[in-house]
Amino acid sequence: MEATEEKLLELYEKLHAAYGPQGWWPAETPFEVMVGAVLTQATAWRNVERAIERLKAAGALSPEGMVRLSEEELEQLIRPAGFFRQKARRLRALLRLIERHGGVEGLLALSTERLRAELLSVPGIGPETADSILLYAAGRPVFVVDTYTRRILHRLGLLRDEKASYEEMQELFERALPRDPELFGEYHALLVRLAKEHCRAKPRCAGCPLAPPCARSTESA
DNA sequence: TTCCGGGTCC
DNA sequence: GGACCCGGAA
(Lines give C-alpha, C1' and ligand atoms only; values in the text may rest on other atoms or scores of the structure.)
Protein backbone atom coordinates (compact mmCIF):
# COMPACT_ATOMS: atom_id res chain seq x y z
CA MET A 1 0.00 0.00 0.00
CA GLU A 2 1.19 3.47 -0.79
CA ALA A 3 2.34 5.81 1.94
CA THR A 4 -0.52 8.22 1.39
CA GLU A 5 -3.09 5.45 1.69
CA GLU A 6 -1.66 4.33 4.98
CA LYS A 7 -1.73 7.89 6.21
CA LEU A 8 -5.38 8.23 5.34
CA LEU A 9 -6.11 5.18 7.46
CA GLU A 10 -4.00 6.58 10.31
CA LEU A 11 -5.80 9.91 10.05
CA TYR A 12 -9.13 8.16 10.45
CA GLU A 13 -7.86 6.25 13.48
CA LYS A 14 -6.64 9.43 15.16
CA LEU A 15 -9.83 11.36 14.55
CA HIS A 16 -12.01 8.49 15.60
CA ALA A 17 -9.98 8.04 18.78
CA ALA A 18 -10.25 11.74 19.56
CA TYR A 19 -13.89 12.37 18.68
CA GLY A 20 -15.64 8.99 18.65
CA PRO A 21 -18.54 8.14 16.34
CA GLN A 22 -20.35 11.17 14.91
CA GLY A 23 -23.57 9.41 13.95
CA TRP A 24 -24.10 11.25 10.68
CA TRP A 25 -26.32 12.09 8.90
CA PRO A 26 -28.68 13.68 11.43
CA ALA A 27 -32.00 13.03 9.68
CA GLU A 28 -35.04 10.83 10.13
CA THR A 29 -35.72 9.92 6.52
CA PRO A 30 -33.83 9.65 3.22
CA PHE A 31 -35.86 12.59 1.91
CA GLU A 32 -34.73 14.68 4.85
CA VAL A 33 -31.13 13.80 4.00
CA MET A 34 -31.69 14.95 0.42
CA VAL A 35 -33.24 18.23 1.51
CA GLY A 36 -30.46 18.82 4.03
CA ALA A 37 -27.81 18.07 1.41
CA VAL A 38 -29.17 20.86 -0.81
CA LEU A 39 -29.75 23.30 2.03
CA THR A 40 -26.27 22.89 3.47
CA GLN A 41 -24.53 23.96 0.28
CA ALA A 42 -22.17 26.76 1.27
CA THR A 43 -24.02 27.04 4.57
CA ALA A 44 -23.40 26.28 8.24
CA TRP A 45 -25.41 23.30 9.48
CA ARG A 46 -26.94 25.36 12.30
CA ASN A 47 -28.83 27.41 9.74
CA VAL A 48 -29.89 24.31 7.86
CA GLU A 49 -31.43 22.99 11.08
CA ARG A 50 -33.52 26.12 11.37
CA ALA A 51 -34.78 25.70 7.83
CA ILE A 52 -35.50 21.98 8.38
CA GLU A 53 -37.45 22.77 11.53
CA ARG A 54 -39.56 25.28 9.63
CA LEU A 55 -40.24 22.77 6.88
CA LYS A 56 -41.18 20.14 9.43
CA ALA A 57 -43.54 22.54 11.20
CA ALA A 58 -45.17 23.30 7.85
CA GLY A 59 -45.59 19.59 7.09
CA ALA A 60 -43.26 19.96 4.12
CA LEU A 61 -40.54 17.52 5.06
CA SER A 62 -41.90 14.88 2.71
CA PRO A 63 -42.18 14.93 -1.07
CA GLU A 64 -45.99 14.98 -0.80
CA GLY A 65 -45.89 17.88 1.64
CA MET A 66 -43.27 19.91 -0.14
CA VAL A 67 -44.88 19.62 -3.55
CA ARG A 68 -47.97 21.38 -2.21
CA LEU A 69 -46.00 24.54 -1.49
CA SER A 70 -45.71 27.38 -3.93
CA GLU A 71 -42.18 28.39 -4.79
CA GLU A 72 -42.61 31.54 -2.71
CA GLU A 73 -43.79 29.60 0.32
CA LEU A 74 -40.87 27.24 0.02
CA GLU A 75 -38.46 30.17 -0.29
CA GLN A 76 -39.73 31.75 2.90
CA LEU A 77 -39.53 28.51 4.87
CA ILE A 78 -35.93 27.83 3.94
CA ARG A 79 -34.78 31.43 4.26
CA PRO A 80 -32.53 30.81 7.28
CA ALA A 81 -30.35 28.50 5.15
CA GLY A 82 -29.36 31.32 2.79
CA PHE A 83 -29.42 31.42 -1.02
CA PHE A 84 -33.10 30.76 -0.53
CA ARG A 85 -34.26 31.55 -4.06
CA GLN A 86 -31.87 29.24 -5.81
CA LYS A 87 -32.21 26.55 -3.15
CA ALA A 88 -36.00 26.61 -3.49
CA ARG A 89 -35.58 26.11 -7.22
CA ARG A 90 -33.12 23.28 -6.59
CA LEU A 91 -35.45 21.52 -4.16
CA ARG A 92 -38.31 21.73 -6.64
CA ALA A 93 -36.09 20.29 -9.37
CA LEU A 94 -35.15 17.47 -6.99
CA LEU A 95 -38.84 16.87 -6.29
CA ARG A 96 -39.47 16.47 -10.01
CA LEU A 97 -36.68 13.90 -10.23
CA ILE A 98 -38.22 11.99 -7.32
CA GLU A 99 -41.63 12.10 -8.98
CA ARG A 100 -40.22 10.81 -12.27
CA HIS A 101 -39.02 7.74 -10.40
CA GLY A 102 -42.29 7.17 -8.60
CA GLY A 103 -41.00 8.33 -5.23
CA VAL A 104 -37.89 8.36 -3.07
CA GLU A 105 -37.73 4.58 -2.85
CA GLY A 106 -37.83 4.15 -6.59
CA LEU A 107 -35.12 6.75 -7.09
CA LEU A 108 -32.84 5.30 -4.43
CA ALA A 109 -33.23 1.80 -5.89
CA LEU A 110 -31.22 2.77 -8.98
CA SER A 111 -27.69 1.49 -9.37
CA THR A 112 -25.06 3.73 -7.82
CA GLU A 113 -23.80 4.83 -11.21
CA ARG A 114 -27.23 5.61 -12.59
CA LEU A 115 -28.36 7.33 -9.40
CA ARG A 116 -25.29 9.57 -9.37
CA ALA A 117 -25.94 10.53 -13.00
CA GLU A 118 -29.60 11.26 -12.30
CA LEU A 119 -28.74 13.42 -9.29
CA LEU A 120 -26.09 15.33 -11.22
CA SER A 121 -28.63 16.03 -13.95
CA VAL A 122 -30.61 18.14 -11.49
CA PRO A 123 -29.64 21.79 -11.84
CA GLY A 124 -28.04 22.83 -8.56
CA ILE A 125 -26.90 19.37 -7.53
CA GLY A 126 -23.15 19.04 -8.01
CA PRO A 127 -20.74 16.29 -7.03
CA GLU A 128 -20.67 16.92 -3.28
CA THR A 129 -24.44 17.12 -2.94
CA ALA A 130 -24.94 14.07 -5.14
CA ASP A 131 -22.41 12.04 -3.18
CA SER A 132 -23.84 13.10 0.17
CA ILE A 133 -27.17 11.73 -1.00
CA LEU A 134 -25.58 8.54 -2.35
CA LEU A 135 -23.78 7.91 0.92
CA TYR A 136 -26.15 9.14 3.59
CA ALA A 137 -29.56 8.63 1.98
CA ALA A 138 -28.86 5.57 -0.19
CA GLY A 139 -26.11 3.95 1.90
CA ARG A 140 -23.73 3.56 -1.04
CA PRO A 141 -19.97 3.34 -0.45
CA VAL A 142 -19.14 6.71 -2.00
CA PHE A 143 -16.69 9.07 -0.31
CA VAL A 144 -17.87 12.66 0.05
CA VAL A 145 -15.25 15.33 -0.64
CA ASP A 146 -15.68 18.96 0.36
CA THR A 147 -13.69 22.12 0.99
CA TYR A 148 -12.74 20.85 4.43
CA THR A 149 -11.37 17.61 3.02
CA ARG A 150 -9.18 19.49 0.59
CA ARG A 151 -7.94 21.94 3.21
CA ILE A 152 -7.07 19.25 5.76
CA LEU A 153 -5.31 16.99 3.27
CA HIS A 154 -3.36 19.91 1.94
CA ARG A 155 -2.22 21.03 5.37
CA LEU A 156 -1.22 17.50 6.28
CA GLY A 157 0.87 17.35 3.13
CA LEU A 158 -1.20 14.47 1.75
CA LEU A 159 -2.33 16.35 -1.35
CA ARG A 160 0.47 16.70 -3.83
CA ASP A 161 -1.23 19.02 -6.18
CA GLU A 162 -3.41 21.57 -4.56
CA LYS A 163 -5.66 21.67 -7.62
CA ALA A 164 -6.54 17.97 -7.46
CA SER A 165 -10.03 17.48 -8.86
CA TYR A 166 -13.00 16.33 -6.82
CA GLU A 167 -12.82 12.89 -8.45
CA GLU A 168 -9.09 12.55 -7.82
CA MET A 169 -9.51 13.24 -4.13
CA GLN A 170 -12.45 10.90 -3.95
CA GLU A 171 -10.44 8.11 -5.58
CA LEU A 172 -7.64 8.67 -3.10
CA PHE A 173 -9.98 7.87 -0.20
CA GLU A 174 -11.84 5.10 -1.96
CA ARG A 175 -8.58 3.32 -2.78
CA ALA A 176 -7.18 3.74 0.73
CA LEU A 177 -10.21 2.53 2.67
CA PRO A 178 -12.36 -0.56 2.86
CA ARG A 179 -15.54 0.07 0.81
CA ASP A 180 -17.77 0.53 3.81
CA PRO A 181 -20.53 3.16 3.86
CA GLU A 182 -20.42 3.32 7.66
CA LEU A 183 -16.72 4.07 7.59
CA PHE A 184 -17.03 6.61 4.78
CA GLY A 185 -19.84 8.37 6.59
CA GLU A 186 -17.94 8.56 9.84
CA TYR A 187 -14.75 9.69 8.17
CA HIS A 188 -16.39 12.58 6.36
CA ALA A 189 -18.15 13.64 9.55
CA LEU A 190 -14.90 13.54 11.49
CA LEU A 191 -13.17 15.70 8.88
CA VAL A 192 -15.99 18.22 9.13
CA ARG A 193 -15.66 18.30 12.89
CA LEU A 194 -11.89 18.80 12.75
CA ALA A 195 -12.27 21.56 10.17
CA LYS A 196 -14.84 23.42 12.23
CA GLU A 197 -13.04 23.15 15.55
CA HIS A 198 -9.42 23.53 14.50
CA CYS A 199 -8.55 23.28 10.83
CA ARG A 200 -10.46 26.40 9.89
CA ALA A 201 -9.67 28.77 7.05
CA LYS A 202 -7.77 30.62 9.76
CA PRO A 203 -6.22 27.72 11.67
CA ARG A 204 -6.75 27.28 15.40
CA CYS A 205 -4.09 24.75 16.17
CA ALA A 206 -4.34 24.92 19.96
CA GLY A 207 -5.86 21.66 21.20
CA CYS A 208 -5.93 20.03 17.76
CA PRO A 209 -6.22 16.25 18.12
CA LEU A 210 -3.60 15.84 15.40
CA ALA A 211 -0.99 17.25 17.74
CA PRO A 212 1.98 17.13 17.62
CA PRO A 213 1.45 19.80 15.02
CA CYS A 214 0.95 18.78 11.42
CA ALA A 215 3.48 19.72 8.78
CA ARG A 216 1.55 22.79 7.70
CA SER A 217 0.35 24.09 11.05
CA THR A 218 2.61 27.12 10.85
CA GLU A 219 1.16 28.44 7.62
CA SER A 220 -1.06 31.42 8.10
CA ALA A 221 -3.24 31.20 5.02
C1' DT B 1 -20.72 47.79 11.00
C1' DT B 2 -18.14 45.13 7.94
C1' DC B 3 -16.16 40.55 6.99
C1' DC B 4 -15.99 35.50 6.55
C1' DG B 5 -17.32 30.85 5.22
C1' DG B 6 -19.35 27.69 2.26
C1' DG B 7 -21.32 24.51 -3.23
C1' DT B 8 -22.92 25.29 -7.77
C1' DC B 9 -23.62 27.63 -12.01
C1' DC B 10 -22.27 30.85 -15.48
C1' DG C 1 -13.83 34.82 -10.93
C1' DG C 2 -18.48 36.66 -9.67
C1' DA C 3 -23.25 35.92 -8.03
C1' DC C 4 -26.21 33.89 -4.82
C1' DC C 5 -27.55 34.51 1.00
C1' DC C 6 -27.45 33.98 5.92
C1' DG C 7 -25.73 34.13 10.81
C1' DG C 8 -22.01 34.72 13.63
C1' DA C 9 -17.29 36.59 14.32
C1' DA C 10 -14.34 40.42 14.27
Side-chain angles (χ1 to χ4, degrees), chain A residues 22 24-27 32-58 60 69 71-98 115-138 142-155 159 162-170 172-173 184-185 187-208 216 219-221:
Chain A
Q22 301 299 295
W24 271 29
W25 185 291
E32 190 177 331
V33 174
M34 294 189 246
V35 172
V38 169
L39 293 181
T40 199
Q41 293 171 351
T43 300
W45 183 253
R46 183 75 199 91
N47 300 328
V48 176
E49 286 180 327
R50 293 193 175 102
I52 299 256
E53 274 313 307
R54 292 158 64 87
L55 288 171
K56 191 175 285 185
L69 299 176
E71 185 147 347
E72 292 68 28
E73 289 170 323
L74 183 54
E75 287 176 357
Q76 291 314 308
L77 287 170
I78 66 174
R79 228 183 140 110
F83 303 104
F84 59 89
R85 290 186 196 88
Q86 56 174 8
K87 284 178 182 174
R89 251 182 284 125
R90 290 171 183 186
L91 287 175
R92 285 160 65 89
L94 178 59
L95 276 180
R96 288 193 291 276
L97 177 70
I98 289 170
L115 179 53
R116 189 168 200 267
E118 289 287 307
L119 290 168
L120 289 175
S121 78
V122 176
I125 294 188
E128 183 186 339
T129 306
D131 288 341
S132 296
I133 292 172
L134 283 164
L135 176 60
Y136 293 109
V142 170
F143 200 90
V144 177
V145 171
D146 63 3
T147 298
Y148 300 144
T149 313
R150 177 180 303 275
R151 182 195 296 157
I152 291 168
L153 287 201
H154 181 241
R155 287 189 180 153
L159 245 204
E162 201 179 340
K163 300 288 183 204
S165 71
Y166 182 98
E167 281 74 20
E168 284 169 333
M169 299 191 52
Q170 182 172 56
L172 198 60
F173 281 93
F184 285 7
Y187 203 156
H188 175 68
L190 288 165
L191 290 173
V192 170
R193 174 129 176 224
L194 179 71
K196 287 189 178 303
E197 295 188 5
H198 298 284
C199 214
R200 305 154 74 111
K202 195 167 166 17
R204 285 190 176 179
C205 298
C208 174
R216 309 301 175 90
E219 80 176 353
S220 52

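Proteins get letters first, then strands, A, B, ... in listed order; numbering begins at 1 in each.
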### Summary
Here the distance between atom P of B:dG5 and atom OH of A:Tyr148, to the nearest Å, is 10 Å
### Query
Taking the side chain of A:Arg90 as its heavy atoms from C-beta onward, which of B:dT8, C:dA10, C:dG7 lies nearest to it?
B:dT8
#### Entry: Nucleotide B:dG5, atom P - distance to CD of A:Glu197 in whole Å
17 Å
### Message
Under 4.0 Å, heavy atoms only, any strand: does A:Glu128 hit a base, just the sugar-phosphate, or nothing?
### Response
sugar-phosphate
### Summary
Atom NZ of A:Lys196 and atom P of C:dA9 are separated, to the nearest Å, by 12 Å
### Message
Just the rounded figure in Å: distance from C1' of B:dG6 to CZ of A:Arg46.
### Response
17 Å
### Query
What integer distance in Å separates A:Ile78:CD1 from C:dC6:P?
11 Å
### Message
Counting only side-chain nitrogens and oxygens, does A:Arg50 get under 4.0 Å of the OP1 or OP2 atom of C:dG8?
### Response
yes
#### Entry: Side-chain N,O (A:Thr147) to OP1/OP2 (B:dG7) below 4.0 Å
yes
### Task
Nearest-nucleotide wise, let me know which of A:Gly124 and A:Ala42 is further upstream toward the 5' end of DNA chain B.
A:Ala42
### Task
For A:Arg200, report the nucleic acid contact type (base, sugar-phosphate, nothing); a contact means any heavy atom under 4.0 Å.
nothing
### Task
Give me the ring orientation class for A:Phe173 and A:Phe143: parallel if the planes are under 30° apart, tilted from 30 to 60°, perpendicular past 60°.
parallel
### A:Phe83 CZ to B:dT8 C1', straight-line distance once rounded to whole Å
9 Å
### Task
Measure from NZ on A:Lys202 to P on B:dG6 and round the result to the nearest Å.
14 Å
### Message
By nearest heavy atom, map A:Leu120 and A:Ala81 onto DNA chain B; which one lands nearer the 5' end?
### Response
A:Ala81
### Task
Answer yes when A:Glu49 and A:Arg46 have at least one side-chain N-carboxylate O distance shorter than 4.0 Å, and no when they do not.
yes
#### Entry: Whole angstrom value for the distance that separates C1' of B:dC9 from CZ of A:Arg85
17 Å
